2 protein chains.
Amino acid sequence: MLTDRQLLILQVIIEDFIHSAQPVGSRSLSKKDEITFSSATIRNEMSDLEELGFLEKTHTSSGRIPSEKGYRYYVDHLLSPQAPKKNEMKLLKSVFVERIYELEKIVQKSAKILSELTNYTAIVLGPKVNEHKLKKIQIVPLSPDAAIAIIITDTGHVENRMISLPPSFDINEIEKMVNILNARLVDVPLVDLKDKIYKEVAALLSRHIHNYGSIVSVLADTLTDTKPEKIFFGGKTNMLRQPEFHDIAKVSTLLSMIEQEQGFYDLITQNPAGIHVKIGRENQNTVLDDCSLITATYSIGQEQVGTLAILGPTRMEYSRVISLLSFFSKDLTTLMTKLYQK
Amino acid sequence: MLTDRQLLILQVIIEDFIHSAQPVGSRSLSKKDEITFSSATIRNEMSDLEELGFLEKTHTSSGRIPSEKGYRYYVDHLLSPQAPKKNEMKLLKSVFVERIYELEKIVQKSAKILSELTNYTAIVLGPKVNEHKLKKIQIVPLSPDAAIAIIITDTGHVENRMISLPPSFDINEIEKMVNILNARLVDVPLVDLKDKIYKEVAALLSRHIHNYGSIVSVLADTLTDTKPEKIFFGGKTNMLRQPEFHDIAKVSTLLSMIEQEQGFYDLITQNPAGIHVKIGRENQNTVLDDCSLITATYSIGQEQVGTLAILGPTRMEYSRVISLLSFFSKDLTTLMTKLYQK
DNA sequence: TGTTAGCACTCTGTCTCTTTGAGTGCTAAT
DNA sequence: ATTAGCACTCAAAGAGACAGAGTGCTAACA
């Protein structure tokens with residue numbers, strides 16, 4: 001529906017605006033090498049593009065800036081993927097060089113590096129631990145009415161929770177109980193723990209443990225309220241560097257939302273596999289009206305386990321960020337698969 | 001050296017400026033109830049106070065604002081301690097109502113509540129874990145060359161570290177080793193672990209474990225590189241609400257420093273017991289030139305274990321924040337002492 | 001001798017007016 | 001279909017005027 005010339009103009013305007021943050025006028029456009037026709041022609045085309053909703057004006061006699069629809073079209077059709085540069089690659093790879101086994105550290109460092117590389121805010125959702133399997137369970141009594149339960153997964157992840165012991169519970173039976181739990185629950189995925197405890201272990205415990213009723217529910221509850229995937233941020237204050245956020249009132253609500261962290265959880269989890277770009281109001285959140293969010297998923301084997309995301313202004317370097325995320329998510333998938341694939 | 005009247009004027013100016021953030025003029029001062037003399041008299045006194053360095057002007061014909069020296073004098077001599085209000089008390093106490101045993105959660109929640117109550121940024125340094133005693137040690141092999149070591153302290157704190165096993169190490173000897181370690185190291189403070197391992201446990205291990213040499217050093221290293229006290233923040237973006245930080249360039253460096261988190265570690269650890277106020281350039285850091293930092297320590301029994309701090313503009317509600325911190329640090333000390341005093 | 005009224009002076013912030021420059025839209029010529 | 005030319009628009013920046021809040025100083029006062 002759009003002519004080649006219109007596409008060219010749209011692309012050049014968007015790319016110019018992404019770098020300059022200034023409305024683009026017909027005269028400055030006509031000076032570009034790619035553009036062989038006059039400023040008057042450009043004006044006519046720009047006028048048409050505006051009528052079609054791809055461009056906007058900030059005031060009647062200003063140059064044009066891309067509309068959300070313009071960005072959308074650009075991202076969907078005009079993007080020229082550009083391979084990351086050598087030094088960018090190197091920086092990305094540096095996440096993997098230390099022989100780190102702990103997932104959380106890899107993920108946290110990823111957020112940091114992505115934010116440094118893009119100058120935007122990086123948000124990384126850690127891998128789901130629900131699918132991980134129990135390697136060992138350990139219960140250490142601390143006082144007559146409290147103990148600490150430690151769960152170790154096959155991926156080297158350790159979680160610990162306080163459990164309140166029922167008043168009538170005999171501390172000496174803890175060891176017995178732990179043995180039973182380990183015998184029965186090792187290699188069970190964390191999500192299935194609760195079920196398994198009630199269906200199989202409860203009966204067993206009843207035979208060996210006094211007062212088993214009260215402890216079973218406590219165990220099942222504490223062991224299975226698995227924490228959701230952890231969320232890591234990098235470059236939380238990078239938004240301050242963007243000229244469009246030079247107004248404190250505007251940036252303040254945004255930074256508050258970023259500080260809350262959890263607000264982004266839903267925004268980022270609900271994406272299917274692959275790379276996705278949400279532009280401005282597509283995010284369904286007035287605070288993010290002037291922001292774009294690019295998400296990429298990563299996996300262990302075939303199973304998608306986490307998400308990388310970059311939050312920037314709508315005037316974002318889409319092609320660079322998309323390439324970066326695509327490259328990095330592949331690498332992360334490879335690494336994780338190698339490390340944790342069973 | 002200062003007359004009573006000068007003190008009164010200084011105090012009223014500072015308190016007015018703290019609330020209005022506007023330079024205070026002689027006429028508006030003379031209208032206050034506490035002030036019984038004319039604006040001309042006030043002008044003379046203000047002129048003297050300026051000459052003495054307690055006040056400043058923003059330009060030749062502006063009202064006065066407090067200088068750093070003025071704030072210092074105010075904090076040292078003029079402060080009227082004010083007990084926290086009922087609802088503030090209630091909020092502070094709410095940290096303790098949930099029967100939480102885990103230190104980190106208490107500390108994290110403290111930071112959140114302090115920041116909400118003050119509208120400034122709260123920084124809380126978690127208790128040192130070095131002094132805690134080993135309750136149990138556990139080593140779980142994950143692969144032929146890696147295992148995970150878990151240390152549980154008597155305070156319910158759990159730490160875990162990856163350890164790389166020496167290639168020649170026989171996995172089956174782990175259990176034996178763990179038994180020896182537990183028999184010998186329980187109740188040893190974490191700081192003394194390394195020493196004890198080399199002095200007492202190494203010899204024992206040599207008798208029972210093949211290839212003990214390599215594993216001993218790995219153990220000693222990984223077990224004893226205790227992490228420093230964790231630092232928690234609340235209200236990181238609260239600075240944006242202060243009118244003196246309505247300039248992005250100014251706030252940007254400050255927020256970056258806050259985001260780095262570790263920059264505050266030294267600033268906060270180096271304080272001796274009690275409440276301390278550092279005003280503006282007293283912080284020895286150009287980024288904090290317009291900020292004040294109020295710190296309070298908390299203890300377990302007699303031993304000082306952590307720090308609470310509030311970071312705000314130099315134009316800070318000193319008396320309220322000091323009261324709040326003093327009140328809260330006492331409560332925290334009481335709670336911690338009750339929970340963890342041996 | 002300390003206090004105060006009065007007044008000239010200073011500086012900021014706000015308003016308005018003007019100018020400049022970058023840009024558009026339209027028309028007519030190519 | 002394209003383009004040169006021109007009138008028009010708007011924002012940003014600068015200059016001048018003015019009000020308001022403040023000071024410092026002097027002289028009068030108790």
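Here the structure is a predicted model, which means the values were calculated and not measured. The sequence lines fix the lettering, A, B, ..., with proteins before strands; numbering per chain opens at 1.
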With a cut-off of less than 4.0 Å, is there a side-chain N or O of A:Arg27 near OP1 or OP2 of C:dT24? no
What's the CD-P distance between B:Gln6 and C:dT3, to the nearest Å? 11 Å
Between C1' on C:dG23 and CD on A:Glu56, what's the gap in Å once rounded to a whole number? 17 Å
Whether B:Tyr71 and B:Tyr318 hold their rings parallel, tilted or perpendicular, with breakpoints at 30° and 60°: tilted
State plainly whether the residues A:Arg64 and A:Glu45 are in salt-bridge range, i.e. N to O under 4.0 Å. no
Is it true that A:Glu68 and A:Arg72 make a salt bridge, defined as a side-chain N closer than 4.0 Å to a carboxylate O? no
Whole angstroms only, please: what is the CG-P distance between B:Asn44 and D:dG24? 9 Å
Closest to the B:Ser47 side chain, choosing from D:dG24, C:dT24, D:dA11: D:dG24
Output the rounded distance in Å from CG (B:Leu55) to C1' (D:dG22). 14 Å
Give the nucleotide from the list D:dG24, C:dT4, D:dA4 with an atom nearest to the side chain of A:Ser38. D:dA4
Judged by nearest nucleotide, the residue sitting upstream toward the 5' end of DNA chain C, B:Phe37 or B:His59, is B:Phe37
Between C1' on C:dG25 and CD on A:Glu51, what's the gap in Å once rounded to a whole number? 13 Å
Round to a whole Å and report the spacing from CG of A:Asp48 to C1' of C:dG25. 12 Å
Nearest-nucleotide pick for A:Thr60, side chain only, options being D:dT9, D:dT23, C:dC11: D:dT9
Strictly below 4.0 Å: does B:Arg64 bring a side-chain N or O up to OP1 or OP2 of D:dG24? yes
Please evaluate the base of D:dT9 for a donor-acceptor partner in the side chain of A:Ser61 within a cut-off of under 3.5 Å? yes
Given side-chain contact (heavy atoms from CB on, under 4.5 Å), test A:Arg5 with A:Thr41 step by step and report yes or no. CA-CA 10 Å; A:Arg5 198 169 65 187; A:Thr41 312; 3.5 Å; yes
Separation of D:dC25 atom P from B:Arg43 atom CZ, nearest Å, is 11 Å
Please tell me if A:Ser62 has a side-chain N or O lying less than 4.0 Å from either OP1 or OP2 of C:dG23. no
Go through the side-chain N and O atoms of B:Gln82 and B:Ser323 and say whether any donor and acceptor fall under 3.5 Å apart. no
Is any side-chain N or O of A:Ser26 closer than 4.0 Å to OP1 or OP2 of C:dT24? yes
Between D:dA4, C:dT24, D:dA11, spot the one nearest the side chain of A:Met46, thanks. C:dT24
State whether B:Lys57 places a side-chain N or O below 4.0 Å from either non-bridging phosphate oxygen (OP1 or OP2) of D:dG24. yes
Find the distance B:Glu45:CD to D:dT23:P and express it as a whole number of Å. 13 Å
